[in-house]
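All remarks here apply to the structure that follows.
The residues of the chain are indexed from 1 along the displayed sequence. Since the structure is predicted, the reported quantities are computational estimates derived from the model, not experimental observations.
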Amino acid sequence: QVQLVESGGGLVQAGGSLRLSCVASGRTSSSYTMGWFRQAPGKEREFVAAIRWSGDVTYYASSVKGRFTISRDNAKNTVYLQMNNLKPEDTAVYSCAAGYTVVRATSTAAYGYWGQGTQVTVSS
């Protein structure tokens, strides 16, 4: 089993920045692809970004590309999501996920482990 715990969410004004962290514990593996997903009220969970186990390959949803950056520190079992130029439509619960998959796999079914999520609220 792998446990994932997110932190770093909060309330920010439009145009602001936040950095989310996700710490993995348990049967961690640096071979996992790590992803970030988000779910807004009344909407389906959607893919945000993913990073390959080696950290050299990333993939982003078109809605966040150029504003968000995913990175990982395998020595710390931590993945990060730096979010800049936030918009009200970025408001959602953000969850990290781990799985043996490829970075372009945007389906939630591609990931086997999930964190509880952290709330991000962007005010206009």
Side-chain angles (χ1 to χ4, degrees):
Q1 286 287 351
V2 176
Q3 292 79 45
L4 302 173
V5 179
E6 303 95 336
S7 62
L11 173 64
V12 64
Q13 288 188 329
S17 298
L18 283 174
R19 188 175 84 152
L20 306 183
S21 300
C22 173
V23 179
S25 61
R27 289 198 171 196
T28 59
S29 171
S30 60
S31 296
Y32 286 125
T33 289
M34 298 296 295
W36 285 97
F37 287 74
R38 67 186 182 186
Q39 187 168 21
K43 294 188 176 181
E44 296 285 322
R45 182 176 285 179
E46 66 173 1
F47 172 81
V48 175
I51 186 166
R52 190 182 177 194
W53 64 270
S54 57
D56 61 342
V57 179
T58 57
Y59 186 65
Y60 297 91
S62 58
S63 58
V64 306
K65 194 171 186 179
R67 300 188 297 123
F68 291 11
T69 302
I70 188 171
S71 61
R72 67 190 294 168
D73 185 338
N74 287 338
K76 296 181 179 180
N77 291 326
T78 302
V79 63
Y80 305 96
L81 185 67
Q82 177 66 44
M83 306 185 295
N84 298 327
N85 190 21
L86 283 160
K87 304 176 181 180
E89 51 264 42
D90 293 319
T91 294
V93 174
Y94 284 71
S95 300
C96 71
Y100 287 116
T101 186
V102 296
V103 294
R104 288 182 174 268
T106 60
S107 169
T108 57
Y111 293 84
Y113 301 101
W114 292 85
Q116 290 297 309
T118 185
Q119 176 70 47
V120 171
T121 303
V122 185
S123 63
S124 58

**Message:** Can you give me the closest heavy-atom contact between Ala98 and Leu4, atom names plus distance?
**Reply:** N-CD1, 3.8 Å
**Request:** Test Arg38 against Lys43 for side-chain contact (heavy atoms from CB on, under 4.5 Å), laying out the working first.
**Result:** CA-CA 10 Å; Arg38 67 186 182 186; Lys43 294 188 176 181; over 6 Å; no
**Request:** Look up atom CD in Glu6 and atom SG in Cys22, then write down how far apart they are to the nearest 0.5 Å.
**Result:** 5.0 Å
**Item:** Connected-component partners of Tyr111 among ILVMFWY, side-chain separation under 4.5 Å
**Value:** Phe37, Phe47, Val57, Tyr59, Val103, Trp114
**Request:** Could you tell me which non-hydrogen atom of Arg45 sits nearest to which non-hydrogen atom of Ser95, and how far apart they are?
**Result:** NH2-OG, 4.2 Å
**Thr91 side chain reached by Val120 side chain, heavy atoms, under 4.5 Å** = no
**Ser54 (side chain) donor-acceptor with Arg52 (main chain) under 3.5 angstrom** = no
**Worked check of side-chain contact (heavy atoms from CB on, under 4.5 Å) between Gln116 and Val5** = CA-CA 7 Å; Gln116 290 297 309; Val5 179; over 6 Å; no
**Asked** Side-chain heavy atoms under 4.5 angstrom apart, residues restricted to Ile, Leu, Val, Met, Phe, Trp, Tyr: same cluster for Tyr80 and Leu20?
**Response** no
**Request:** For Thr78 and Ser21, work out which heavy atoms get closest and say how close.
**Result:** CG2-CB, 4.4 Å
**Request:** List for me each residue that meets side-chain hydrogen bond (donor to acceptor under 3.5 Å, both in side chains) alongside Arg19, sequence neighbours excluded, and say none if there are none.
**Result:** none
**Request:** Output the distance between atom OG (Ser63) and atom CG (Asp90), rounded to the nearest 0.5 Å.
**Result:** 7.5 Å
**Item:** Val23 reachable from Trp53 in the ILVMFWY side-chain graph, under 4.5 Å edges
**Value:** no
**Asked** Mind checking what makes side-chain hydrogen bond (donor to acceptor under 3.5 Å, both in side chains) contact with Thr58, not counting sequence neighbours?
**Response** none
**Complete:** Scanning both residues in full, the closest heavy-atom pair of Ala14 with Pro88 reads CB-CD, 4.1 Å
**Request:** Please examine the side chains of Gln119 and Tyr94, heavy atoms only from C-beta on, and report whether any two atoms are closer than 4.5 Å.
**Result:** no
**Message:** Taking Met34 as the starting point, is it possible to reach Tyr60 by hopping between hydrophobic residues whose side chains are less than 4.5 Å apart?
**Reply:** yes
**Asked** Relative to the ring of Tyr32, is the ring of Tyr113 parallel (under 30°), tilted (30 to 60°) or perpendicular (over 60°)?
**Response** perpendicular
**Request:** Looking only at non-hydrogen atoms, find the nearest pair between Gly9 and Thr118 and report the distance.
**Result:** N-OG1, 3.2 Å
**Asked** What's in the same ILVMFWY side-chain cluster as Val102, cut-off under 4.5 Å, chained through other members?
**Response** none
**Message:** I need the minimum non-hydrogen distance between Phe68 and Val48, along with the two atoms involved.
**Reply:** CD2-CG1, 3.7 Å
**Request:** Among Ile, Leu, Val, Met, Phe, Trp and Tyr joined by side-chain contacts under 4.5 Å, find the other residues sharing a cluster with Val93 and list them by chain and number.
**Result:** none
**Complete:** d(Leu18 CG, Met83 CE) to nearest 0.5 Å is 4.5 Å
**Request:** List for me each residue that meets side-chain hydrogen bond (donor to acceptor under 3.5 Å, both in side chains) alongside Asn84, sequence neighbours excluded, and say none if there are none.
**Result:** Ser17, Gln82
**Item:** Side chains of Val79 and Ile70 in contact at under 4.5 Å (non-hydrogen atoms)
**Value:** yes
